[in-house]
Amino acid sequence: MAYPKDRFDQLPDDLRRIGAHRGPGARGRGWIGLAWAALATLVLVGGGIFALKVFVGVDIDIPFLSATATPTPIATTPAPPQADPVLDPATIDPARNIKTAIYNGTTTAELQNTVGDALAAAGWVIDTRARASTSDVAKTIVYYSDVANEDVARGLVIALGVGDIRLVPAETFPGTPVTIVIGLDYPGAAAGG
């Protein structure tokens with residue numbers, strides 16, 4: 001089928017067109033495309049590094065972007081003095097009103113009573129004895145909620161023969177200035193039920 005010739009069939013030779021919409025390429029067109037691709041790559045990589053740093057918490061050290069920080073000297077503070085442990089509970093001033101609780105953090109039945117009886121026989125005032133909320137406490141800890149009771153906590157660790165002391169906020173064990181949580185490191189504690 002033949003069509004009649006129209007104005008689109010007669011094109012000048014200087015356009016060098018191939019097809020209906022193609023014309024000669026502009027000079028430097030390849031470099032412009034390469035520049036846009038490089039810019040897009042830099043934006044994507046920068047956005048990825050920012051997202052890793054902000055959302056994931058990964059600290060990526062880029063040498064030419066990181067400012068070298070001058071190390072500041074750290075002032076050393078002397079360790080706070082440790083209170084001398086109370087070795088004889090009879091020397092504790094009754095006005096201090098120190099109540100001691102014992103919690104069994106092991107699977108050994110009635111260990112809180114065994115430990116409480118031994119401490120009471122040595123003169124320590126034991127107010128509460130109970131099972132802890134968990135039975136897999138690894139280490140015996142004597143908690144105290146007032147710095148003034150550090151001496152009592154240290155004395156209880158010596159009386160127990162095991163454990164560490166830890167200062168906690170008063171609301172951790174309300175109404176009890178000194179709390180013992182017996183752990184699996186206590187002699188006679190059973191691991192497992």
Side-chain angles (χ1 to χ4, degrees), residues 49-61 66-67 69-193:
I49 290 173
F50 177 77
L52 281 173
K53 186 171 185 130
V54 171
F55 298 115
V56 181
V58 176
D59 189 20
I60 299 174
D61 185 27
S66 299
T70 306
T72 57
I74 299 172
T76 56
T77 57
Q82 296 181 351
D84 292 330
V86 173
L87 301 177
D88 182 8
T91 62
I92 298 173
D93 183 8
R96 290 174 69 179
N97 194 23
I98 295 178
K99 297 176 182 175
T100 303
I102 299 176
Y103 295 106
N104 182 3
T106 71
T107 56
T108 305
E110 301 299 316
L111 186 58
Q112 72 274 13
N113 291 327
T114 305
V115 172
D117 291 343
L119 289 174
W124 295 95
V125 178
I126 306 301
D127 186 53
T128 305
R129 302 173 191 196
R131 300 247 344 129
S133 59
T134 182
S135 60
D136 60 352
V137 176
K139 193 168 174 102
T140 301
I141 304 287
V142 177
Y143 298 96
Y144 62 103
S145 59
D146 186 354
V147 177
N149 294 332
E150 181 181 354
D151 57 346
V152 175
R154 290 188 181 281
L156 283 166
V157 167
I158 292 171
L160 290 169
V162 67
D164 285 329
I165 63 168
R166 191 165 299 151
L167 179 64
V168 294
E171 58 269 7
T172 306
F173 299 104
T176 310
V178 178
T179 302
I180 302 169
V181 179
I182 304 165
L184 296 171
D185 62 345
Y186 186 80

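The basis for the numbers below is simple: all heavy atoms, side chains too, and nothing from hydrogens, waters or symmetry mates.
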Within a strict 4.5 Å, meaning less than it, do heavy atoms of the [X] and [Y] side chains meet?
X: Leu119; Y: Ile102; answer: yes
X: Val142; Y: Val152; answer: no
X: Leu167; Y: Glu150; answer: no
X: Ile165; Y: Arg154; answer: yes
X: Tyr144; Y: Ile98; answer: no
X: Pro187; Y: Val162; answer: yes
X: Leu156; Y: Thr100; answer: yes

What's the spacing between [X] [atom1] and [Y] [atom2] if we round to 0.5 Å?
X: Asn97; Y: Ile92; atom1: CG; atom2: CD1; answer: 11.5 Å
X: Ile180; Y: Thr140; atom1: CD1; atom2: OG1; answer: 9.0 Å
X: Asn113; Y: Arg131; atom1: CG; atom2: CZ; answer: 10.5 Å
X: Leu111; Y: Arg129; atom1: CG; atom2: CZ; answer: 11.5 Å
X: Thr179; Y: Tyr103; atom1: OG1; atom2: OH; answer: 6.0 Å
X: Asp185; Y: Ile141; atom1: CG; atom2: CD1; answer: 8.0 Å

Closest non-hydrogen atom pair between Ala170 and Ser145, with its separation: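 Answer, listing the atom of Ala170 first, then Ser145: CA-CB, 3.6 Å.
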
Please report the closest heavy-atom contact between Ala132 and Gly105, naming both atoms and the distance.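 Heavy atoms of Ala132 and Gly105 come nearest at CB-CA, 3.8 Å.
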
Is any side-chain N of the basic residue among Arg96 and Asp146 closer than 4.0 Å to the acidic one's carboxylate O?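 Salt bridge absent between Arg96 and Asp146.
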
Carefully, step by step, assess Val115 and Tyr186 under the rule side chain to side chain contact (heavy atoms under 4.5 Å, CB included). CA-CA 10 Å; Val115 172; Tyr186 186 80; 3.5 Å; yes

Checking the side chain of Asn149 only, and the main-chain atoms of Ala153 only, is there a donor and an acceptor separated by less than 3.5 Å?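 No: the side chain of Asn149 does not pair with the backbone of Ala153.
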
Identified side chain to side chain donor-acceptor pair (under 3.5 Å) counterpart of Gln112 within the set Asp117, Thr106, Asn104: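 One option only clears the test, and that one is Asn104.
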
Atom CG of Asp84 with >12 non-hydrogen neighbours under 6.0 angstrom: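 Count not over threshold, so no.
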
Output, in order, the C-alpha distance, side-chain angles, deciding distance and verdict of side chain to side chain contact (heavy atoms under 4.5 Å, CB included) for Val137 and Ile182. CA-CA 7 Å; Val137 176; Ile182 304 165; over 6 Å; no

